[in-house]
There are 2 protein chains.
Amino acid sequence: MPVQQTPASADRRTEILKSAAAAFRRRGYHGASVDEIASALAMTKGNLYYYFRNKEEILFACHEYSLDILVTLLDEVRVEGLPPDQQLRKLVLAFVHLILDELHGTALTLDLQALSPPLLRKVIARRDAVDRGLRRLLQQGMDDGLFAPGDPKMIAFAMMGAVNWIAKWYDPAGPMTSQAIGESFADYLIGGLRRGGLPDSGPPAPAR
Amino acid sequence: MPVQQTPASADRRTEILKSAAAAFRRRGYHGASVDEIASALAMTKGNLYYYFRNKEEILFACHEYSLDILVTLLDEVRVEGLPPDQQLRKLVLAFVHLILDELHGTALTLDLQALSPPLLRKVIARRDAVDRGLRRLLQQGMDDGLFAPGDPKMIAFAMMGAVNWIAKWYDPAGPMTSQAIGESFADYLIGGLRRGGLPDSGPPAPAR
DNA sequence: CGCCGCTTTGAACGCTCGTTCAACGCTGTG
DNA sequence: CACAGCGTTGAACGAGCGTTCAAAGCGGCG
């Protein structure tokens, strides 16, 4: 709760977070200047220090913001009680949508090492929780016989990598909508590459 | 060829590159200081400027170094003329090995945007060439009926993302060898997650 | 030994950036 | 109108960094 302030300034804080996230994504944490973040909002950099103690706290808040949404996503999908493959598909679709349309490319790609050890530990702990949720889902699918056996840890890493990497090449002006990307990724990551049944997914849609 | 110097100083240059790559990976391009790179080699930062014009040129050389190896890899695998799935498997194994054991986590994760437009264009052009090689391989596999139909572009991105992301979580002191990671990734990325034949791969080895 | 070219040093410069802070509107209330 | 507080400003600071450069070290050859 030290993060929360008055309701009035809460909007301002998230405005700053969005601007900062964009700057961090483009130039990296150290490459983005506080002035750059402020200028994009037509405010002076001194003013930022009314809302945040320092630059590091802004980065930390960005991470918290993304993780909040991510964790919520996982929980929402879980309570629906669908079979693991359908849960996974929903997750991938939602995750891609989240990264591209809401966070504009800023999810887990932000610098972690720039955080001081105490804050770093907090973020890593939550990120690991997300990882564990994903692994559990994979393990469950394997136990159910839906998925071929494998190492859930490795597969979870591979999936997260594939999705997080999207931010590196995605161009909003490009030919592919975030929706189409999400479905392509879900098809591949869940359905796999080799021939076999494709039970639930929509049309294959090889959208060039 | 402006990159090459006398044979004597070539070793020194690559030493610097390794140190710089490690620093860039840990703290990002802007976060790593020139002094930090030099100190790791027990030399003064001023000395770096005898081998490189400036910091940016060091980053560029790092990219070139990685890309050289990557392109060579692709070519080597291609000339063997194996079927696409086996070529892909070799590629993934070699790529994982390359990133973890030789580049120590520094492949395509280095800051791109830190390069000035002219250098940036060169790097992107070569990276795109690698992408195209991978896509061609995927397309060929689909045409041959080895792979389920899909968008080669998206799948190539997903594969590159999964592999490049490894650098973000890999811990050399961890329980998994780079070899085991490579095989897990190859199994998943090529064999797919769903049940179906696993033609060529070795033992499934769910190495916890 | 004495010279020469390659390599290294260490100090200095200039600039950028994160952070601080006293002073200043602005807005609503008594 | 006077006051109070939140929000904002802009200037100033100090530190760190990339870069430069004149001078020194060093090794081999004549």
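Chain identifiers are assigned alphabetically (A, B, ...) following the order of the sequence lines, protein sequences preceding nucleic acid strands; residue numbering begins at 1 within each chain. Scope of the values below: all heavy atoms of this structure, side chains included, with no hydrogens, waters or symmetry mates.
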Any idea which of C:dT9, D:dT19, D:dT8 is nearest the B:Asn47 side chain?
-> C:dT9

Determine yes or no for a side-chain-to-main-chain donor-acceptor pair under 3.5 angstrom, with B:Thr177 supplying the side chain and B:Ala180 the backbone.
-> yes

Rounded distance in Å - CG (B:Asp11) to P (C:dC6) | 17 Å

Nearest-angstrom distance from the residue atom CG of A:Asp35 to C1' of D:dG10 | 11 Å

Has the side chain of A:Glu56 got a donor or acceptor atom that lies under 3.5 Å from a matching backbone atom of A:Ser116?
-> yes

Would you mind reading off the distance between B:Glu15 atom CD and C:dT8 atom C1', rounded to a whole angstrom?
-> 14 Å

Nearest-Å distance for atom pair CG/P, residues A:Leu59 and C:dG18 = 12 Å

Is the phosphate of D:dT8, meaning OP1 or OP2, less than 4.0 Å from a side-chain N or O of A:Arg12?
-> yes

Answer yes if the ring centres of B:Phe157 and A:Trp169 are under 6.0 angstrom apart, and no otherwise.
-> yes

Candidates D:dT20, D:dT8, C:dT9 - which lies nearest the side chain of B:Met43 = C:dT9

With respect to the side chain of B:Tyr50, which nucleotide from C:dT7, C:dT20, C:dT9 is positioned closest?
-> C:dT7

Measure the spacing between CG of B:Leu110 and NE2 of B:His63 and express it to the nearest 0.5 Å.
-> 4.5 Å

Between the two ends of the helix from C:dC3-D:dG28 to C:dG30-D:dC1, what is the bend in degrees, rounded to 10 degrees, where each end axis spans five pairs?
-> 10°

Could you please name the option among C:dG18, D:dG18, C:dT8 that lies closest to any side-chain atom of A:Ser33?
-> C:dG18

Using a cut-off of 4.0 Å on non-hydrogen atoms, how would the nucleic acid contact of A:Ala32 be classed: base, sugar-phosphate, or nothing?
-> sugar-phosphate

Between A:Phe52 (CZ) and D:dT8 (P), how many Å, whole number?
-> 13 Å

Measure the NE2-CD1 distance between B:His104 and B:Ile99 for me, rounded to the nearest 0.5 Å.
-> 12.5 Å

Is it the case that A:Ser178 and A:Asp101 place a side-chain donor and acceptor less than 3.5 Å from each other?
-> yes

When you look at B:Arg126 and B:Glu64, which way does the salt bridge (Lys or Arg N to Asp or Glu O under 4.0 Å) test go after all the steps?
-> CA-CA 9 Å; B:Arg126 297 191 66 189; B:Glu64 290 282 284; 3.3 Å; yes

Could you check how far NZ of A:Lys45 sits from C1' of C:dC17, rounded to whole Å?
-> 6 Å

Could you tell me the separation between the NZ atom of A:Lys55 and the C1' atom of C:dT20, rounded to a whole number of Å?
-> 17 Å

Kindly point out which of D:dT9, C:dT19, C:dA12 is positioned nearest to the side chain of A:Tyr49?
-> C:dT19

Nearest-nucleotide comparison on DNA chain C, the residue closer to the 5′ end among B:Leu48 and A:His30 = B:Leu48

Write down the distance between CD (A:Glu57) and P (C:dG18), rounded to a whole number of angstrom.
-> 15 Å

